[in-house]
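The next block holds one structure in the form of structure tokens; read it before the comments.
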Amino acid sequence: MKRLSKGFAHAALVVGLPALGAGCASWPERPQVTAAAQAMAQVPGFGHVRQWTDAPLPEWKIWQEKWLADRAAAGIQTPPTLLAISSGSDQGAFGAGYLAGWTQRGDRPQFDVVTGISTGALIAPFAFLGPQYDATLHTLYTTIRAKDIYRARPLGGLTGGPSFADSKPLRTLIARYVTIDLLDRIAAEHRRGRRLLVATTNLDAGRGVVWDLGAIADSHSPTRVALARKALLASASIPGMLPPVLINVSAGTQRFAEMHVDGGTAGSVFGLPPAVIWTDQYRAPAQAGASITILYNGKIFPRYEVVQPRAFTILGRALDTLIGESDRDLIRSYRQFAQEHGIAFGLVAIDHCYELPRTEKFDRASMRRLYAQGLRQALAEPPMPSSTARGGVADQAPVAPCAPER
């Protein structure tokens, strides 16, 4: 979910002494594991259900071969379409609203590949399964509050614990919606040649990890629901704010637990190496129908703001700048690839004139307002093809003034 609330971080330093000692959580000892063992580790009983985000292309080709075989078996011959949903914390309300508005427009496609990171990972399963889950996303992003995501334990991190909050509420929320029935539906789409992917960050390895939720759902493992829930929780676990998620793996005869956190730590948007999705058989002019759509739960353009000389204010602004620059570079690269290969490119982002609220994270009223904004934007204009989407392109800041909101 990324983008930690400055107010929450500040509270971690000013809370009183009575909470001292509350953060000394009981965590298992973490034995030393070689980098070689980590590189080859897999989740027991699941086969190949994950991949390093930065894996060499030959390793991605293994994933690609199975995917293309499933598409061929399902009789799918059209060029692939990709929807990549970004991180953004409670600003995921925008993406949820946009999907609902897109459904109302009547031209929302069924994407071949859906990816998600952080809050985008929580949206992705429902976006993947289609408009019948719009109501679920509406509930998730307009009725929850901070207490449904975390319980503050500010002194926990300052007294040796792994985080400043407990993620039990978020675990409970995920368990309520990620059920056997949901996974069975995802598995059925997986067998039809579609793919649902979410990303986490393996802190031990310092690398992003892609989890094939469809392959997990389609497995015969009795722990498939538990693993899917863990992958989603890890993808949304902001480092420092929420506890890391330990995932048991094995490498040969060695068994150990990896530490996973928010997928946004390694990047706000994940869309697979383009060469893996758009193969030689889909080169232009046969590319008609292929598309890349990025649903960005934030603003693309940098915003001007006079920064006050306070440590947390400066730190927050610096992190926002770092994330924004990285995201714009990544979006440029996908758009350039699309332009070079005749692929339609769509960029959806929060309108640059929309005034983001200055409230604590997961404020219900603010999320409802942002959901409504996403709905309005979807009804106002199509997302594709788009090098000039209302949310903004990645090259330069807008020059048009914004009218004051009424």
Side-chain angles (χ1 to χ4, degrees), residues 1-4 49-55 82-96 98-99 111 113-128 137 140-141 149 167 170 174 178 186 195-203 205-214 216 228-242 244-245 247 259-274 276-277 292-300 319-320 322-331 333-334 347-350 361 391 394:
M1 287 188 166
K2 217 168 182 180
R3 296 181 171 87
L4 174 62
V49 296
R50 64 183 196 165
Q51 180 70 281
W52 298 111
T53 57
D54 61 355
L82 166 70
L83 172 65
I85 310 173
S86 81
S87 62
S89 189
D90 55 353
Q91 291 177 191
F94 169 80
Y98 194 94
L99 289 169
F111 290 93
V113 180
V114 176
T115 73
I117 283 183
S118 197
T119 198
L122 301 183
I123 296 172
F126 308 108
F128 179 76
L137 286 175
L140 281 171
Y141 283 93
I149 303 298
S167 60
L170 180 56
I174 291 172
V178 180
I186 291 171
R195 291 297 182 262
L196 170 61
L197 311 171
V198 300
T200 65
T201 301
N202 182 326
L203 273 188
R207 301 170 73 183
V209 178
V210 181
W211 298 85
D212 190 330
L213 285 191
I216 293 171
R229 290 172 177 173
K230 276 195 169 186
L232 291 171
L233 177 62
S235 186
S237 293
I238 305 168
M241 178 180 177
L242 299 181
V245 176
I247 298 179
M259 181 179 285
H260 287 258
V261 297
D262 195 313
T265 306
S268 296
V269 182
F270 172 70
L272 287 178
V276 172
I277 300 183
I292 300 172
T293 304
I294 296 176
L295 181 51
Y296 189 78
N297 292 304
K299 293 187 177 185
I300 291 298
L319 288 174
D320 283 348
L322 177 64
I323 292 167
E325 283 295 300
S326 175
D327 291 351
R328 285 187 287 275
D329 284 345
L330 182 63
I331 290 170
S333 69
Y334 277 104
L347 170 62
V348 175
I350 299 173
K361 293 296 184 184

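Residue numbers run from 1 in the order of the sequence given.
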- [ ] Return the minimal non-hydrogen interatomic distance between L330 and V269, and the atom names on each side.
- [x] CD2-O, 3.1 Å
Task: Student check: side-chain heavy atoms of N202 and I247 closer than 4.5 Å - done: no
- [ ] Kindly indicate whether the side chain of L83, heavy atoms from C-beta on, has any atom under 4.5 Å from the side chain of F128.
- [x] no
Task: Atom of L232, atom of A121 and distance for their closest heavy-atom approach - done: CD2-O, 3.3 Å
TODO: With rounding to the nearest 0.5 Å, note down the distance linking CG in L196 to CD1 in I186.
DONE: 5.5 Å
TODO: Kindly give the heavy-atom pair with the smallest separation between G264 and D262, and that separation in Å.
DONE: N-OD1, 2.6 Å
Open item on the list: Between S235 (side chain only) and I117 (backbone N and O only), is there a donor and an acceptor less than 3.5 Å apart?
Closed with: no
Task: Validation row: T200, V245 side chains within 4.5 angstrom (heavy atoms) - done: no
Open item on the list: With a 3.5 Å distance limit and no angle check, can you tell me whether R229 reaches the backbone of V178 through a side-chain donor-acceptor pair?
Closed with: yes
Open item on the list: If we ignore hydrogens and angles and just use 3.5 Å, is the side chain of N297 paired with the main-chain N or O of G95 as donor and acceptor?
Closed with: yes
- [ ] Indicate yes or no for a side-chain donor-acceptor contact from S237 to the backbone of V261 under 3.5 Å, with no hydrogens or angles considered.
- [x] no
Task: F126 and L140, any side-chain heavy atoms less than 4.5 Å apart - done: yes
Task: S167 side chain to L242 backbone, donor-acceptor under 3.5 Å - done: no
Open item on the list: Could you tell me if the side chain of T119 sits less than 4.5 Å from the side chain of Q91, heavy atoms only?
Closed with: no
Task: Distance in Å, K361 NZ paired with I238 CD1, rounded so as to fall on 0.5 Å steps - done: 8.0 Å
Open item on the list: When you compare the side chain of Y141 with that of I123, does any pair of heavy atoms fall below 4.5 Å?
Closed with: yes
Task: Atom of I85, atom of A124 and distance for their closest heavy-atom approach - done: CD1-CA, 4.0 Å
Task: Between S268 and Y296: side-chain donor-acceptor atoms closer than 3.5 Å - done: no
- [ ] Quick one: pull up CZ in F94 and CG in L295 and give me the separation to the nearest 0.5 Å.
- [x] 6.5 Å
Open item on the list: Would you compute the distance between atom OG1 of T201 and atom CZ of R207 and round it to the nearest 0.5 angstrom?
Closed with: 12.0 Å
Task: Taking every non-hydrogen atom, the tightest pair across Y334 and F270 - done: OH-C, 4.5 Å
- [ ] Decide yes or no for D327 and S86: does some side-chain heavy atom of the first lie under 4.5 Å from some side-chain heavy atom of the second?
- [x] no
Task: Short side-chain to backbone donor-acceptor contact, R328 and I300, under 3.5 Å - done: yes
- [ ] Measure the shortest side-chain to side-chain distance between V209 and W52 over non-hydrogen atoms and say whether it is less than 4.5 angstrom.
- [x] yes
- [ ] With rounding to the nearest 0.5 Å, note down the distance linking CG in L122 to CG in L137.
- [x] 10.0 Å
